[in-house]
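If you're wondering where the values come from, they're calculated on a predicted model, not measured in any experiment. In what follows, every chain begins at residue 1, and chains take the letters A, B, ... in the order their sequences are listed.
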Amino acid sequence: MKIASWNVNSLNVRLPHLEQWLKDAAPDVVGIQETKLDDARFPDDALAALGYRSVFSGQKTYNGVAILARGQAPADVQVGIPGFEDEQKRVIAATVGDVRIVNLYVVNGQDVGTDKYAYKLRWLAAVRDWLAAERALHPRLVVVGDFNIAPDARDVHDPAVWNEGHILTSTAERDALRALLDLGLHDAFRLHNDEAGVFSWWDYRQAAFRRDLGLRIDLTLVSDALRAEAVASGIDREPRTWERPSDHAPAWVRLGV
DNA sequence: ATGGTGGCATGGCCA
């Protein structure tokens, strides 16, 4: 079972990219972030034509998440964080086969010390409490998403800039990610690869992709029960090379053979 | 240093 995560930065613009990548990569499950469209406009028919059933939670202009599953409808769908009031559509969870999937579009946070940064940390604390319960209910748990946090210095192109005082790498953000991992979750990419300089996001500005000035902020986390089944994990750089790309590349984990 | 690029409620906002 191949499970992936992709921030498409507008599904209106990126539907052709998603369709091509589904054909190329043939994932079984995909968490999509930043769909940026209302539920009424979600392209579920186009995705069904490729064999994928979709569940989604969106809004105009900002945010929006979905889970796609090949050949079966995601079941027991949960939208949002229970008990956490939030206008922003950033969370969807569902069961596919015998695996519980949680898809997160983590708050960006703008800059350390801003109101948005405080919201990011509050939001992450609420996610942690919810995932503690979710993990107890569903030992076979995979959490994917745009985490908007680079786990450590290997995951940034310039550790002198991207460090404790900077958004996406600040100590409080990394501590919040650590608190999620401490629930018994593992960054699947790091189960198989300890190299530095493998990225999933490159800013549109300053020719960052051409210069490979990226960060690894798109993650797939597997629970203790799935750790031994996570046989491979990676990032597909190719869609970032296409015309009019998302600024993110898909990240994936494979469970079993 | 407060721009650089891209998306969308096309006018500022968010990333």
Side-chain angles (χ1 to χ4, degrees), chain A residues 5-21 31-43 46 56-66 80-81 85-92 103-124 127 144-151 155-158 160-163 165-170 172-174 176-177 199-219 235-251:
Chain A
S5 177
W6 195 8
N7 180 324
V8 296
N9 186 18
S10 169
L11 194 46
N12 280 324
V13 173
R14 238 66 74 183
L15 178 59
H17 303 66
L18 178 59
E19 291 173 326
Q20 185 61 52
W21 177 74
I32 301 286
Q33 305 89 35
E34 285 207 271
T35 58
K36 297 188 174 180
L37 41 75
D38 277 328
D39 289 349
R41 299 189 55 186
F42 192 90
F56 39 84
S57 173
Q59 63 190 102
K60 270 188 202 173
T61 311
Y62 302 120
N63 308 310
V65 286
I81 306 164
E85 286 294 320
D86 197 351
E87 299 294 305
Q88 304 191 20
K89 308 301 188 187
R90 297 179 172 278
V91 175
I92 190 166
N103 178 29
L104 305 177
Y105 174 44
V106 174
V107 177
N108 174 284
Q110 191 177 40
D111 279 305
V112 173
T114 62
D115 288 349
K116 288 178 186 144
Y117 182 75
Y119 164 53
K120 181 176 195 172
L121 297 180
R122 280 200 313 277
W123 189 95
L124 284 163
V127 165
V144 304
D146 173 359
F147 281 74
N148 269 317
I149 302 169
D155 303 311
V156 305
H157 64 88
D158 186 353
V161 170
W162 298 91
N163 57 25
H166 202 288
I167 195 67
L168 311 187
T169 55
S170 72
E173 289 167 88
R174 283 175 165 167
L177 177 59
F199 306 132
S200 68
W201 170 81
W202 300 260
D203 201 296
Y204 285 121
R205 295 165 284 195
Q206 300 174 324
F209 182 67
R210 181 177 59 72
R211 301 160 65 202
D212 202 21
L213 306 180
L215 303 180
R216 191 174 69 90
I217 57 178
D218 299 274
L219 310 178
I235 296 167
D236 287 350
R237 286 175 59 100
E238 201 206 331
R240 190 64 176 79
T241 70
W242 295 346
E243 285 294 316
R244 207 180 179 188
S246 169
D247 45 351
H248 294 254

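Residue pairs meeting the salt bridge (Lys or Arg N to Asp or Glu O under 4.0 Å) criterion with at least one partner in residues 105-120 of chain A, sequence neighbours excluded, are A:Lys120-A:Glu173.
Remark: B:dG11 base-pairs with B:dC8. Criterion, Watson-Crick or G-U wobble with two distances under 3.5 Å.
Comparing A:Tyr105 and A:Lys36 against DNA chain B, the residue whose closest nucleotide sits nearer the 5' end is A:Lys36. Place A:Asn7 and A:Arg205 on DNA chain B by their nearest nucleotides, and A:Arg205 ends up nearer the 5' end.
In terms of the side-chain contact (heavy atoms from CB on, under 4.5 Å) criterion, residue partners of A:Ile81 (sequence neighbours excluded) are, by chain and number, A:Phe84, A:Val91, A:Trp123, A:Ala126, A:Val127, A:Trp130. Evaluation of the salt bridge (charged side-chain N to carboxylate O under 4.0 Å, His left out) rule for A:Lys89 yields no partner, not counting sequence neighbours. Not counting sequence neighbours, the partners of A:Ala118 by the side-chain contact (heavy atoms from CB on, under 4.5 Å) test are A:Arg122. Residues satisfying the salt bridge (charged side-chain N to carboxylate O under 4.0 Å, His left out) test with A:Arg216, not counting sequence neighbours, are A:Asp155, A:Asp187.
Nucleic acid contact for A:Asp247: none, since no nucleic acid atom lies under 4.0 Å from a heavy atom of the residue. Contacts of A:Ser10 with the nucleic acid, taken as non-hydrogen atoms under 4.0 Å apart, involve only primed sugar atoms and P, OP1 or OP2.
Ring-plane geometry between A:His166 and A:Trp162 is classed as tilted, the angle between the planes lying from 30 to 60 degrees on a 0 to 90 degree scale.
Nucleotides of DNA chain B with any atom under 4.0 Å from a heavy atom of chain A span, from 5' to 3', B:dG3 to B:dA15.
For the P atoms, the distance linking B:dG4 with B:dA9 amounts to 24 Å, nearest Å.
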